[in-house]
Amino acid sequence: MNNDNKKENYEHNKPAGVFADKAYEATPNTTNSTLKSAVTQSVETQDNQPLSTEPLTTTTSMTRKTIASGEPLKLAVVGHTNTGKTSILRTLLRDVYFGEVKNEAATTRHVEQAKLTDSQTGEVLVVLYDTPGLEDASGLMDWLEDNTASRRDGIERLQQFLAADIAQGGDALNINSNEDYSQEAKVIRQLLASDMAIYVVDAREPVLGKYKDELAILSWAAIPVMPVFNFTDAQDANIDEWQTMLARRNLHISTRFDSVAFEFADEMRLWQNLATMLTHSEMLEQLMARRTEDWAQLNDEANIIIADFLINVAAFVREISEDDDPMPVLQQMQEAVRQSERAMQNNLLNLYKFYDNDVAATPLELKAYQQDPFDPELLKSYGIRTTSGAAAGALLGLGIDAAALGTTLGLGAAIGGIAGGLLSNTSSIADRITGVKRLYIDPATLTLLATRAIDLLTALRHRGHAATDATQLLYKGEKSSIEQSLDDESTTVTPWPTHKLPSELKKARGKPQWSSLSSGKSEQAQLLRADMAWSLASKLQSYKPE
């Protein structure tokens, strides 16, 4: 798709937001920290609904209907406590606020609902149900064996359990009873009301008897169940052992979906595998098509954000008299660029729904994204070499003529104290006559800013929304540019050689009106550089290390 078509599609057909199942719908005067999930609601009332007194052979109101063509899929997410069920939902929903994630058992205490919708039409395609963890499936299996007839089918046996006092919890339990299976009852009620289920497995866990009992109980619900392996990126994963056990229980279709080290291909494989288990899979096929389009659109938007930022900085210029002390101006320019980079980074975080909050750590909390772009050591760590004697991260006066330095020692010394040298360029005749000198951001700093922005985008596209530790792997099997450069100093990690800036950035040098940092006119400057931003964004696509 050429740039004009992409731009037209972006301007005129942009969805209400990428992933309409997204967790947030921004409202005026609402901050990110107070945003609530627009797709999440508690269904605790369903857990506490009155039980039917009809014979067990009669289908109750909570029993699902077979999914028909055109109906949204009701998908229950089940599994043992602390296997990452809520974490997987957070990543699927791109929602760091969904549910509660803690490194302890039984965090989810009731069923929560979320919807995946078509981002173009708003049609609900999949309804997801986050269920409490199965805490004591072995004890429940013993009760079922002792109190239900083996000649009944699985659904009847489960319904008999749901009618028993031990499934009610609270005051319904006998005062001398130690059996409380109310949490398991919530899971089973939702299971019987769903079209299919995914059984979340912590791939780091060994295969134990309690997990076998869980799968036996789930099988009695008579709906398709697909195991999903979470935390697959861990070195101590036991996937082979799990697959052997699952095969013995006729569960031959499984998938991997790491809620921390995210891969979009893994998500698509999850939906594809689920679709093979359904008679009517139209909704899942529609979901896959739309989310693939949205994922590509998201990448286009992100590269435009980066390109717009780089052109804005490249066009940034300040003029001073040859007799003026450049130090205050240089410091002001540096601070303006720092703030502009932070705004660009926040735009990327918001685009991928990694809001600054206390729920989940974002890649910006990592040291590599906190360092000052004008720190000389940072440029060295990225392996970026400067030209004409300029030091790392310097601001250079590109309009200063090398021949004039002999008569402008004060200016040269002042800038040299920060930059370590000047880039040799010839100023215009008009500048020479008037004594005006222009200061720009040097190519090395622009290259660093581009490299770091592309690196951040890659991290965001490979990071699950369940990541709660800033030290967790940013993305599977990849290293950041700075890590690569530290491993191998000869490795070229920048999107372009420092001395060969893209034509769009070179052109921006002569267009100070393109920069809001220069003019202070943000909207007008953005419109002026829009075409160049689209052009540069297309080039950035080929630089991303995915």
Side-chain angles (χ1 to χ4, degrees), residues 1-11 299-318 333 336-337 340-341 344 347-348 373 379 382-388 390 393-400 422-428 431 438-458 481 492-519 521-522 524-546:
M1 182 182 294
N2 59 42
N3 289 336
D4 292 337
N5 289 339
K6 277 189 176 182
K7 184 176 181 180
E8 182 179 356
N9 179 65
Y10 173 73
E11 296 294 343
N299 191 46
D300 289 342
E301 291 185 45
N303 279 285
I304 292 168
I305 288 173
I306 295 172
D308 182 77
F309 157 72
L310 292 173
I311 292 173
N312 193 31
V313 172
F316 187 19
V317 60
R318 291 287 299 273
M333 292 182 73
V337 172
S340 182
E341 184 189 29
M344 177 273 297
N347 286 337
L348 290 180
L379 219 69
Y382 270 84
I384 298 176
R385 292 184 173 84
T386 58
T387 57
S388 302
L395 285 167
L396 304 178
L398 297 187
I400 298 174
L422 294 172
L423 192 60
S424 179
N425 280 271
T426 303
S427 61
S428 67
D431 285 348
R438 295 179 178 177
L439 301 178
Y440 296 83
I441 306 302
D442 73 296
T445 301
L446 283 172
T447 303
L448 169 64
L449 294 171
T451 304
R452 193 151 74 161
I454 294 170
D455 207 27
L456 174 60
L457 174 57
T458 303
S481 296
T492 301
V493 297
T494 59
W496 51 71
T498 304
H499 61 286
K500 292 184 178 180
L501 293 178
S503 58
E504 293 83 0
L505 296 183
K506 291 180 179 178
K507 187 172 183 178
R509 290 292 198 204
K511 303 290 184 179
Q513 66 272 23
W514 287 4
S515 177
S516 60
L517 304 178
S518 301
S519 65
K521 300 177 180 179
S522 179
Q524 180 180 346
Q526 188 172 28
L527 288 174
L528 291 173
R529 64 177 182 265
D531 289 339
M532 283 295 104
W534 279 96
S535 177
L536 180 57
S538 180
K539 293 181 179 180
L540 292 176
Q541 297 267 15
S542 63
Y543 296 137
K544 63 185 179 68
E546 286 193 271

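Note that the numbering runs from 1 along the sequence shown for the chain.
- Looking at D300 and Q541, their side chains come closer than 4.5 Å, going by heavy atoms from C-beta outward.
- In this structure the side chain of N299 reaches within 4.5 angstrom of the side chain of L457, judged on heavy atoms.
- The shortest heavy-atom contact between K539 and S503 is NZ-OG, 3.3 Å.
- Residues M532 and P502 have side chains not in contact (no heavy-atom distance under 4.5 Å, counting atoms from C-beta outward).
- Between the S538 side chain and the S535 main chain, no donor and acceptor come within less than 3.5 Å of each other.
- Counting heavy atoms from C-beta on, the side chains of T445 and V313 never come closer than 4.5 Å.
- Between Y440 and A314 the shortest heavy-atom distance is CD2-O, 4.2 Å.
- Side-chain atoms of L439 and M333, non-hydrogen and from C-beta on, do get closer than 4.5 Å to each other.
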Given the rule in the side-chain contact (heavy atoms from CB on, under 4.5 Å) test, do T447 and Y382 qualify, once you have shown the distances and angles that lead to the verdict?
CA-CA 10 Å; T447 303; Y382 270 84; over 6 Å; no

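- Side-chain contact check for I306 versus L456: every heavy-atom pair is 4.5 Å or farther apart.
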Determine whether L505 and W496 satisfy the following criterion, side-chain contact (heavy atoms from CB on, under 4.5 Å), listing intermediate values before the conclusion.
CA-CA 12 Å; L505 296 183; W496 51 71; 3.8 Å; yes

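- Partners of S516 according to the side-chain hydrogen bond (donor to acceptor under 3.5 Å, both in side chains) rule, which considers only residues two or more places apart in sequence or in another chain, are N312.
- Listed here is the closest heavy atom pair of A307 and A537: CB-N, 3.6 Å.
- By the side-chain contact (heavy atoms from CB on, under 4.5 Å) test, K506 pairs with L501, sequence neighbours left out.
- To the nearest 0.5 Å, atoms CG (L536) and CZ (F309) are separated by 11.5 Å.
- Going from atom NZ of K521 over to atom CG of L527 covers 13.0 Å, rounded to the nearest 0.5 Å.
- Partners of S522 under the side-chain hydrogen bond (donor to acceptor under 3.5 Å, both in side chains) rule, at least two apart in sequence or in another chain, do not exist in this structure.
- For the atom pair CG (L540) and CD (E504), the distance works out to 8.5 Å, reported to the nearest 0.5 Å.
- One N or O on the side chain of T458 and one on the backbone of I454 form a donor-acceptor pair closer than 3.5 Å.
- The main-chain N or O of T494 is never found under 3.5 Å from a side-chain atom of T451 such that the two would form a donor-acceptor pair.
- The side chain to side chain contact (heavy atoms under 4.5 Å, CB included) with M344 is formed by just one residue from the set L449, D308, L310, I305; it is I305.
- The minimum heavy-atom distance between P373 and E341, with the atom names listed, is CG-OE1, 3.6 Å.
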